[in-house]
Enquirer: 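My questions will all concern the structure given below.
Small disclaimer: the values here were computed from a predicted structure and weren't measured. By convention in this document, chain letters (A, B, ...) are assigned in the order of the sequence lines, proteins followed by strands, and residues within each chain are numbered from 1.
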Amino acid sequence: MAKLFVLAEHRQGQLRDITFEMLTKGREIAEKTGTELTAVILGSNVKEHAKALAEYAQAVILVEDPRLENFNSEAYKKVLQALIAAHKPLLIMMGHTSYGVELAPRLAAALSIPLATDLIDLAFEADQLTATRQMYGGKVNVKTVVRKAETYIATIRTATFTPQKPSPPANGQILETPSPLTEDIAEKRFLQYVLPPPGGVDITAAEKLVGVGRGIKDQANMPLMEELAKTLGAVLACSRPIVDKGWLPTDRQVGSSGKTVKPKLYLALGISGAFQHVLGMKSSDLIIAVNKDPKAPIFSFADYAVVEDLFKIVLPLKNKVNEAKAQKT
Amino acid sequence: MDIIVCVKHVPDTAEAELKIDASGKAVDKAGLVYDINEWDDYALEEAVRIKEKQGGTVTAITIGSEDSDSTLRKCLARGADKAIRLTDPKFAGSDSYATAKILHSVIKTMHYDLILAGLQAGDDGATAVGPILAEMLGIPHATMVKKLELATGTAKVNRELEGGLEEQIEVKLPALLAVSTGINEPRYVSIMGIRKAMQKEIKIMTLADTGLTEAEVGEQGSWTRIEKLYVPPAEKQAEPVTGTPDEIAAKIVDLLRSRGLI
Ligand SMILES: Cc1cc2nc3c(=O)[nH]c(=O)nc-3n(C[C@@H](O)[C@H](O)[C@H](O)COP(=O)(O)OP(=O)(O)OC[C@H]3O[C@@H](n4cnc5c(N)ncnc54)[C@H](O)[C@@H]3O)c2cc1C
Ligand SMILES: Cc1cc2nc3c(=O)[nH]c(=O)nc-3n(C[C@H](O)[C@H](O)[C@H](O)COP(=O)(O)OP(=O)(O)OC[C@H]3O[C@@H](n4cnc5c(N)ncnc54)[C@H](O)[C@@H]3O)c2cc1C
């Protein structure tokens, strides 16, 4: 039976969630295409991971090699080239993550295998891969057709599919496969992990957050935002561009490359609602978004939508909060 | 050090109202304001900083229509020495793969020690051009580059992983590095810089100059083909809070009070 590969992603001894998200979507595609859902795990001392994967997949290909201890796209590329040559899978799914983004395009180019990236949906229609992704910061979705081929590579957006363990567990067979690597990768070497600098403020512990985005326009407006946050008894957080510009330190960033927060209130000011930001705040209890663009994607995640110029709202809001607090005491 | 920077001229859509055009396969570009892709802005700045420290040249290269000249001019004003624009109606419909092929056809004839690209194009970016181009050139690459230190023959690179974690890796030069936002603070362009840049030449090349065939570029030469665009269905619909600013503020306060948040 032809195979459908899901490349397991792991780091520092942990399988990452995207792996199980892909295995869940992969199961659906495998059933429809009559392929065998096969998890592929490359690493060093990862037999325990292989067992966990076997609960989800019909087969697990396990390649162990000390050279695979930490992710290295060149090492992964070489091993996958050998596995693809041996198994000719219909599809190889990887995460659209820091690892998948590094590996997938290069592997695709090396083997001339068509690639579709950052997918929020995928299916085979008449033997051909159709792939859906987002454009323009999530304002538009695009359905693409991928050129006909024997094998396809797709990178899958994180947190798009909800992992579900098959019941009963798939109990896939673990196929230990010798590593094809014969020497160290000289042109690209892993050196070390670098932890984020210890932060002064823990936004994940805050009960209320005011999140500011590029819509606040100027660093000169930051004090106003701080004041509003203070009045609300909230902590100031932000989208990535605010950190990139150096207006707030890294520890205030909400999103996939920042923190995941779950406050009782998330007040988003001038944030468009890009996927990477939303990932970090969509589980907040109450989300109020202020954005002058009625089509801003943030409004499909918020509970309350204020379509207005944020600068018209901030001062009145601050005043009304102060009034309310005064009434209370 | 000779550095090539791949830049793309893209529409700024964060605040724009997007309409899907009659073909259903693209957005209506009329009225959109174009500028250098955000990620490429950082890549160019990084290149210029390296040149200022170590000497060498910076060449900006783009595939795009004549309008892309404004992006190339910006690069020249920022400190790029040369600019190349690849323009041909046959390039339309190129995906990341075809785009990388076109860039490769020209870059392979040039001298370089380092190629910088953006991690992704902010418009319809697939996050793929950089690594594909590196594979075609047979040089190592790294994406999501947040920090870059050059030594003789190698580059030490911090790649961003998820949740604020980074990994430090070492790649041999020449290499292609696709940078993340925040790797530096791009400078503002001085009026004098822009004036001086107006005099610099932009080299224009077409399909005929690339040595590629028509079938290798555009939709024919691509892995993916757009079938249709559509507006994403809302995950949930937020309840509108309307009125004058004061009324809106009062409603928000009521909301917060009812939940014990004030
Ligand atoms: C008429 C038309 C039809 C199209 N049809 C399709 C289609 O069918 N399928 C599809 O996937 N895309 C299509 N596109 C979009 C396509 O042209 C993309 O721009 C192309 O895929 C380039 O890759 P990217 O934007 O994904 O770049 P990414 O891989 O996201 O960009 C990474 C980096 O690569 C470099 N780069 C990217 N593009 C350029 C460039 N043009 N010049 C120089 N450097 C660049 C930059 O450094 C950038 O930061 C179409 C565009 C047009 C105008
Ligand atoms: C690998 C990777 C990781 C990333 N990680 C993160 C992450 O962890 N966190 C994150 O936030 N982003 C992250 N991003 C970036 C993300 O894709 C978006 O670019 C970013 O979230 C956009 O920030 P923004 O909403 O502040 O800015 P924009 O998208 O520019 O939006 C600004 C918004 O402000 C509105 N606005 C403007 N003026 C006003 C006004 N006067 N009143 C009201 N509204 C106004 C506009 O309508 C617009 O919607 C990541 C990207 C990549 C590629």
Side-chain angles (χ1 to χ4, degrees), chain A residues 97-98 101-102 105-106 109-110 114-118 135-147 187-196 208 240 243-244 246 250 256-258 264-265 272 286 288-289 293 295 299-306 308 312-313 316-317 320-321 324-325, chain B residues 13-15 17-18 20 27 96 123-124 126-128 131-132 134-136 140-141 143-144 158-162 164-172 181-182 185 223-232 234-241 245-246 248-250 252-253 255-257 259 261-262:
Chain A
T97 57
S98 56
V101 156
E102 183 87 346
R106 181 130 201 173
L115 166 77
T117 58
D118 201 10
M135 306 207 294
Y136 303 108
K139 284 188 168 178
V140 178
N141 283 3
V142 55
K143 186 172 170 192
T144 59
V145 181
V146 188
R147 181 200 282 185
E187 67 268 32
K188 189 172 192 178
R189 291 195 306 131
F190 172 89
L191 300 177
Q192 60 176 336
Y193 291 108
V194 182
L195 294 167
K208 289 175 255 180
R240 177 163 176 157
V243 170
D244 287 342
T250 323
S256 62
S257 56
K264 292 196 172 134
L265 167 68
S272 62
L286 173 65
I288 304 176
D293 175 5
K295 300 265 175 66
F299 290 136
S300 53
F301 301 94
D303 301 292
Y304 292 92
V306 179
E308 224 346 322
K312 289 195 187 144
I313 300 297
L317 181 57
K320 293 271 188 246
V321 173
K325 288 203 300 202
Chain B
T13 55
E15 293 176 32
E17 195 187 329
L18 291 183
I20 294 167
V27 298
S96 320
D123 52 350
D124 48 12
T127 333
I132 297 174
E135 174 67 26
M136 289 172 175
H141 82 280
T143 60
M144 299 190 124
N158 282 31
R159 295 190 65 232
E160 62 173 293
L161 307 175
E162 285 71 23
L165 185 70
E166 294 180 359
E167 64 176 6
Q168 190 180 47
I169 64 169
E170 189 177 69
V171 291
K172 282 214 172 123
T181 56
E185 272 183 54
W223 281 331
T224 57
R225 178 170 54 78
I226 292 178
E227 189 171 273
K228 64 163 193 218
L229 303 193
Y230 60 97
V231 175
E235 216 165 274
K236 65 182 182 197
Q237 203 60 58
E239 191 173 314
V241 183
D246 272 328
I248 291 172
I252 295 176
V253 166
L255 209 64
L256 298 181
R257 210 165 15 201
R259 298 194 175 217
L261 291 167
I262 296 182

Enquirer: When rounded to the nearest 0.5 angstrom, what is the spacing between CD in A:Gln192 and CD in B:Glu170?
Expert: 11.5 Å
Enquirer: Rounded to the nearest 0.5 Å, what separation is found between the NZ atom of A:Lys208 and the CG atom of B:Leu256?
Expert: 7.5 Å
Enquirer: Grab the two heavy atoms, one from B:Ala250 and one from A:Lys320, that are nearest each other, plus how far apart they are.
Expert: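 Minimum heavy-atom separation between B:Ala250 and A:Lys320: CB-CE, 3.9 Å.
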Enquirer: For A:Lys139, is it the side chain, the backbone, both, or neither that has a heavy atom closer than 4.5 Å to a heavy atom of chain B?
Expert: both
Enquirer: Under a 3.5 Å distance rule, please check whether A:Glu187 uses its side chain to pair with a backbone N or O of B:Lys172 as donor and acceptor.
Expert: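 No; judged by distance alone, with no hydrogens or angles, the pair does not exist.
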Enquirer: State the CD-CG distance between B:Glu17 and A:Asp293, to the nearest 0.5 angstrom.
Expert: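 So the gap between those two atoms works out to 7.5 Å.
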Enquirer: I'd like to check the side-chain hydrogen bond (donor to acceptor under 3.5 Å, both in side chains) partners of B:Glu162; sequence neighbours left out, ordered by chain and number.
Expert: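 Partners of B:Glu162 by the side-chain hydrogen bond (donor to acceptor under 3.5 Å, both in side chains) criterion, ordered by chain and then number, come out as A:Arg11, A:Ser98.
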Enquirer: Select one option (side chain, backbone, both, neither) describing which atoms of A:Leu115 are under 4.5 Å from chain B's heavy atoms.
Expert: both
Enquirer: Only pairs of heavy atoms separated by less than 4.5 Å count here; which of B:Ala134, B:Pro232, B:Ala14, B:Ser96 has the most with chain A?
Expert: B:Pro232
Enquirer: Can you name the residues that form a salt bridge (charged side-chain N to carboxylate O under 4.0 Å, His left out) with B:Glu185, not counting sequence neighbours?
Expert: none
Enquirer: Select one option (side chain, backbone, both, neither) describing which atoms of A:Asp118 are under 4.5 Å from chain B's heavy atoms.
Expert: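 Contact with chain B: none, neither part.
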Enquirer: Determine the option with the most heavy-atom pairs under 4.5 angstrom with chain B, choosing from A:Pro114, A:Ala110, A:Ser256, A:Pro316.
Expert: A:Pro114
Enquirer: Using 0.5 Å steps for rounding, measure from the CG atom of A:Leu317 to the CD1 atom of B:Ile252.
Expert: 5.0 Å
Enquirer: Considering only heavy atoms, which portion of B:Asn158 lies under 4.5 Å from any heavy atom of chain A: side chain, backbone, both, or neither?
Expert: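 Contact with chain A: side chain only.
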Enquirer: If you compare all heavy atoms of A:Phe301 against all heavy atoms of B:Lys236, which two are closest, and at what distance to 0.1 Å?
Expert: O-CE, 2.8 Å
